[in-house]
Structure formats: structure tokens, C-alpha cells
J.: 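Quick one: structure below, then a few questions.
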Amino acid sequence: MPTHQEPALRTAGLRKVFGDHVAVDDIDLTVPAGSFYGLVGPNGAGKTTTLAMAVGLLRPDAGSAEIFGVDVWRDTVQAKALIGVLPDGNAMPERLTGREALTYLGLLRGLPPAVVAERTDELLQVLELDSAERTLIIEYSTGMRKKIGLAVALLHAPRLLVLDEPFEAVDPISAATIRTILRRFAGNGGSVIISSHVMALVEQICDHVGVISDGRVVAAGPLADVRGAATLEDAFVGLVGARTGGTEGLAWLTS
Amino acid sequence: MAHLLTPGPAAMAQHMIRMRLALMRNSLRGDDATNLYAGVSFGLLLALGTITVAVLWPAYLPLALAVWLSGWIFGPILIGGGNEALRPEYFSMLPAKPGRIAAALLAGAFAGPVPAVNLIALLSLPVYGWRFGPAGVLVGLVAAVTTLVTMVMISRVVVALIGLFVRSRATAAAVGIVTGTAIALCSNGWAPVVAMGVTDTDAWSEVFVRVLPSGWGVAAIEASWPFAIAILVANAGVIALLLAAWAVLLSRRVVSAARGGVPPRRGTPRPFPATGGARAVAAKELRAWWRDLVRIQLLATAFSYAIVTPLLLITIDVWVMVPFAGLIAIVMAAASSANLYGADGTALWLTLMTPGAERADVRGRQLAWLLIVGPAAVALSLAGTLISGETWAWPWVLGLLPALLGGGAGIIVLLAVTSLVPGTDPHKRGGNPLSTGADETAETSLAWLVLCAVPATALPAAGAILLNPWAGVATGVLTGALSAWGLGRIAYRRLENHGIDLLNLMKHGPAPQADKPTTADLPIQHRIGVMICYTIGWLPLFPQGLVPMVMKIFGIDNPVWFLALHLPPIWQWPVIIFMIALGLLMYGYAILIPMRLSSSSSATSG
């Protein structure tokens, strides 16, 4: 049985190649149980691919992933019971309302109907989706889609939340709500992994970070260790070996 | 904290069925509802027809059931992957074994109108069994259920295979070739059958329709008790195997990287055209044709249909179609390109935000289409005419070729902006790379419209050829150029004025305006009528009208199943003409009724 001593997520040697492009190259990550982990990296660094392989949504070419000691690819069923996932560009049953989607997915997870009804009610209310009671998911805005995806991830009270860009396209009020929900979840012993581009946000809510660049981990560990004396943004720019452009060329733009 | 229990198989299946029903209930708004009612009414007619076959012409029952089976197999291919209301991706994070999810999804798949209608059709089995006494009825009832499950399973496996393996140009083209061949066989499959001298009562054809999964029920009813039970048990075994295969395919699909049907690219990037305007758009379009699996599949369908149809007729030594393979290819390729803007989705905003780009966009798309279809069609036409030795066909081929090419290039851009069918944006096409997510009924109607409109642009050339063969060639070049230029002009004018409406249509779907009637507002009997006419209008027109006409002209005596040729000679021409007229009338009705509605609505609203 998994115990709390096991890390919430551990990946070893994860690798994925698309055509001749190596998207993820030998990634080792350890997310301690109870941590709030931020996965950061430039566009196309392999964050989404890594997370998809870590939760069992994309078969890796090599390597393994464990959730609380449960091998995701060997013991898929048990691993999936432990996690709630918000994938990037998530497919949803478009022609259900938010309440219907939550209800059916909850029932399919084997939650008792009364529990499903109660949790659905609360989630819709807290995430402010209850006003869109008669709206089908296909008609949702991008932010609303993120929120209903988050509700699906939370519904069965998982031990680990894996959220790909949970704040993208979400309005500031909803973002604050989501941050509060996630902090409460982590405060009560849950573990969270989010991916994001927004350094300030990661710095504000995460206690651990992993920096991925070109499909490799370039730094990982407690936030304080990774950023050192500088801000996370400066540390990040230094780590991925980039320099911020924008000062050269483009002369015609100002003429 | 975490909930580790998944529900038992029965409960899971039950939830899945209720979810499917909820999805269906929510879709029953507006257009979808009338589509559904019309489809179900039509299906019920076919189902009752099948039962009638079991009563009146029992020898043909296995054949009729084979038609249902082919519907389950080719339906998903033709309408782009089948209507997957419950997509396996929704359940990818459920803590349950793939087999259990597959079983529950299967249960969900039955909670729809199509399996219910099919079950009614399969009641023809116990009806057939009546001839063999109570035992026959009993075996028939059991066989009806097992046959239904088998058919649905086969269909699901086909969809899963497409979703999983159509990830490259070769596989997309292969699916296209199979589809094109299947359509050709449907319309002209009788020819090789005639060539082989097969009659209805031939032993091997009787065995063949019983060996197909659709015929196992009939075989079981006709067999002795032990054999009947053995057949049914074997059928159950096949179902178990299919389910296992499906579960494996589903779990692979869910964890394989869905690349939205983008074939992998190797080698150095192609150079960019050092040009602007229409030619730059054409260069962009050529890349899209080469990289979009949907387009590749549709092109393969068009060309394989155009090549296979004449080949089938060669089996009865009729070479008359061979010179026209290229022309058929042009018309079919136009029909499959009719939703050009719909297929690109909301990328249209790029054109709209570039001042004056509409003209270049339309002209570029025309140019690209001509470059893709033209050379192959010209080669097919020249080769076909040379090989067939039908020298009389030269003026027809040379006159109609430019007329149809120009007409096709004009019609497709015109309809693409006037009759756009919104689909899923390409980057959101999910598990099935061959599905554009557009409303299939609307897309099919659009294709039929092209099939009628493109040949119409060649009518002047045809008329001129009748008067003077070589004047026809000049006319063909002239009308072709005029069609491409003029229709293209109307198209970009319209794009300039109504481009934003098209973009909004693709983004938000058709605007629900209370005062503006849509096709869905046709009275239900008209809607059913339109659907029936589209579906079976080809029957009187082609196989019962034009084909016996050609056979009579060429003095081929085998009447096969052509009604006219079974009649006394004096009735043959009238019946042929009646059949052609009936077919034309059906298509005319199916096209004109919705048109009249939309024109009356634009007259009242604008």
C-alpha cells in the first residue's frame, strides 16, 4: 500500500520522441508528498508531455512514473484512483452541462450518488459555474472550461492534483479562488503539481519548483534552493540559458 | 481521502447509458432534433422493409442483412469516424481496467436510436424463423440480439482502427481508396457480377451472404439444433474477441499522442515562394493539401471512385466510361473540396485581418485546387481515351475537360463562401483524424450540390460539341475560364462583404435567430422526404435509368436486375425514361425545397 513516506510523484528516465524531435529527454523528477510543486519552462520545453506521461495519458518511450509508490504504467488503475488531472486542451463531453458532466464522471468513479450530488453542488458554487446551469460545455469560454476541468479533477478528492496550466485564460477573481482552493488542499495534506509560465505566480504559491528546458530538467528542488538570492524569473532566465531579446533589430517598428 | 472503488460492471454500464441519454437529450435542440427524427423515421422504413423481405422474399434476407452490416462498416468511414457521443478520452482518468471501460462504453453505444432501429430490422430473423417452427423463432430471437451486438462491435472496432492507425498520408489515402472503391461498387458493382455470370440462386453467393457476420443468424435458423447452438455460441465468442480487441485499441488510443492527424515531417523545409498575393496563398494551400489527412483522404476517395467505376464496367466489355475517368475525377474532387473554408476553421481571421487579402485568398485556393486536380485529371483523360480506343470520345473529353476544371474551380470557392458548413477547428480534431467534426448531413448535401452544379457548368460545351465537335473544345475552354473567373469573383466579393459572418458562423455555429427559418424548420414530412430522396434518388437515376439505357444503346441483353430490361421491348424505353425522370425529380425536390425555404427567408429578413 502507498504510504505518505513515498513521494507524491517520482519519474525516472522519462523519454518521448515525436518523429525526429525529442520532446522529453530522460526526465527525473521527485515531488515530495504534501508539496506544492511548480513545473516551469519555456514554450515547447516538454512540460505538458512530461505531465501527460506522469499521469498515464501518454505512453512514454522509456522510463517510469510512480504516484505514491504506485507504478503508473504497471498498476494504472490504482494510480489513477490517487490523482486528479487537468490535462492541457482537455476533451470534455461537450454536449453535457457542467453539472451533468460532473455527475456522470463522479458516478463512473463509483462515488455514491448523494456524495456526487453534494460535491457537484459545492464545486459549481465555489467555482462560480452554477450560474451557467443550462449552458453546455461546448458553449463555455476558455476560462470556464479550465474551471470545469478543475472541478472534474477535484471531484473524487484525490491525494495528488496534476494541473497543466490551471490559470491560463482564467480571470483574476477566479484565479484567486482557484489559488485559495489549491492552498487549502495542500494545507490539508494534499499534493499539487502545476505547470505554468508565470514565474511570479509560481513563486507566490509553490514551495518546490522544477525547471525544464529542451526536454531536460535543468534545476529542481525547494523554491529557495532553485532561485537562490535572485527572483525566480532571473534564476529561470539564467538556467534555460536564454537572454531576453527585444532590444536589437526591429528598428523599422519605431520609425 | 482518495476513493479507490470503481463501480461494478453493471453499475458502470448503467451510468454510461444514462450519460449517453443525457447527451442525446441535450442535443435534441433545434436542427439536431429534426435530423434525428428524420433519420429515425427513415431508418424505421428501412427496418420495416427488411422485415417485409423476410416475409415476401426470404431468399434475399441474408443479402438485406449484409446491407445493414455494410452500413455499420462504411458508415463511420463515410461520415468521418462515426458519431462518438461517448469518447474514450473522457474516461481516460477513471481508475478502471480498459476491458471494463470498453464494456461500459459498449453499453453506452447501444443507448441510441441507431441500434434500436437496427434491432427492429433484425426482428426479421424471428420472422424468418417462423417458417421453421417455434424453435426457429427462438433461435431467430437470440440471433437478432447476437447479430446486433456483433454489428455494433465491428463498427466500433473499425472506428477505433481508423482513430489509431490513420496517422500518416499512406493510411489516410488507403482509407480514401477503400471508400472510393466501396462507393463505386455500390453504384456499379453489378457489372463484375454479370461478368461472372452469377445468378441469384448460385450456391456460392448464397453461402457467401451467410458466411458474413450478418448472415450467421439465418444460418443458425436453417441449421439443425446442435448446429444452431454451435453457431450462436461461436457468435458469442466472436463478440468476446471483438470486445477484447476493442478494449486494447481504446487503451492504446487514449495513451497515444493524438497529433490531430498531422503526418510526421522529415527532410529540409520547402522553400517559400518568392511571391505575393494569390500565388502565395496557392503555395500555402498546396502545403495544406499535402499535410491535412482529411483532404488527402477525400482526394483519394474521388480518384479511386473515378478509376474503379470504369474498370468495373470493363468486366462486361463496356469501355465507354474509360475516356471519362478523368472527368468523373474532377467532379468528385470538386464535391469533396466544397467545404474549403469550413475545413480550415477559424483561421479565416488571418485573411479578414489582412486588408484586401480576400481576392488573393479565393484566387489562390482556386489555383491550388487546379494544380492538385488538374494534372492528374488531364493524364487520366488522355490515357483513358487512348487506351480505350474510343476515338469518338476525343471531342467530348477535350471539350468537357477544360469546362469541368474551370467550373469546378469556380463552384468550389463559391459554395465554400455561400454554403459553409462549420466544423471543428483542425487543432481541436481529437481522437479521429479523419473527422472534421462538421455536420455530416449538411456536408453531404453540399457535396451533392457540387455534383449537380459542376456538370451544369459544362452544359454549354456539351451542347456545342453536339453541333460541331471542335467548336465544343473552344467553348469548353471559354466557359471553363469564364466559370473560374466569374464564380471566383462572386466568391471573393462575398468574402469581402460577409467574411465576418462566416468567421462567426465557424466560431459560434449558426446564430439562433427566432425570425429566420432554417432547414430544421421544414415540416417534418418534407425533411424526411428530402432525406429519402438524397439517399435513394440515385437508384432510379443510375442503375435503373442510365445504366439500362447505355446497355440498350450498346445492345447488351443481360437484364440482371434492371426492371426495364425485363419488360416487353415496347415498354423498355418508357420505363427507362420514367426512371431517369424519377431520379432527377427526387434530386430536384431534395435540392429545391430547402433552397426555396432559405430564399424566402432571406427575402423576408433582408
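All heavy atoms count here, side chains included; hydrogens, waters and symmetry mates do not. In this text the structure is predicted, and so the values were computed from the model without any measurement. Reminder, nothing fancy here: chain letters follow the sequence lines and each chain counts from 1.
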J.: Report the residues that fulfil salt bridge (Lys or Arg N to Asp or Glu O under 4.0 Å) with Arg18(B), sequence neighbours left out, ordered by chain and then residue number.
T.: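 If we apply the salt bridge (Lys or Arg N to Asp or Glu O under 4.0 Å) test to Arg18(B), skipping adjacent residues, there are no hits.
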J.: Less than 4.5 Å apart, side chain to side chain, heavy atoms only: is that true for Arg109(A) and Pro95(B)?
T.: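 Arg109(A) vs Pro95(B): side chains touch.
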J.: So which part of Ala11(B) gets closer than 4.5 Å to some heavy atom of chain A, the side chain, the backbone, both or neither?
T.: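 Neither part; nothing is under 4.5 Å.
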J.: Of the non-hydrogen atoms in Met19(B) and Leu96(A), which two are nearest, and what is the gap between them?
T.: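 Heavy-atom minimum between the residues: CE-CD1, 3.8 Å.
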J.: Looking at Tyr90(B) and Leu105(A), what are the two nearest heavy atoms and their distance?
T.: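 Tyr90(B) and Leu105(A) have their closest heavy atoms at O-CD2, 3.8 Å.
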J.: If you look at every heavy atom in Arg25(B) and Tyr104(A), which pair is closest and at what distance?
T.: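 Looking at all heavy atoms of both residues, the closest pair is NH2-OH, 4.4 Å.
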J.: Counting only heavy atoms not in Asp207(A), do more than 12 sit closer than 6.0 Å to its CG atom?
T.: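 Check passes, neighbour count above 12.
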J.: List for me each residue that meets side chain to side chain contact (heavy atoms under 4.5 Å, CB included) alongside Val85(A), sequence neighbours excluded, and say none if there are none.
T.: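 Per chain and number, Val85(A) pairs via side chain to side chain contact (heavy atoms under 4.5 Å, CB included) with Val55(A), Leu57(A), Ile83(A), Pro87(A), Val162(A), Met93(B).
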J.: Check the surroundings of atom CZ in Arg216(A): do more than 12 heavy atoms from other residues, nucleotides or ligands lie under 6.0 Å from it?
T.: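 Atom CZ in Arg216(A) is not crowded, with 12 or fewer foreign heavy atoms closer than 6.0 Å.
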J.: Do Lys80(A) and Leu94(B) make a side-chain contact, defined as non-hydrogen atoms from C-beta onward lying under 4.5 Å apart?
T.: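 Answer no - side chains too far apart.
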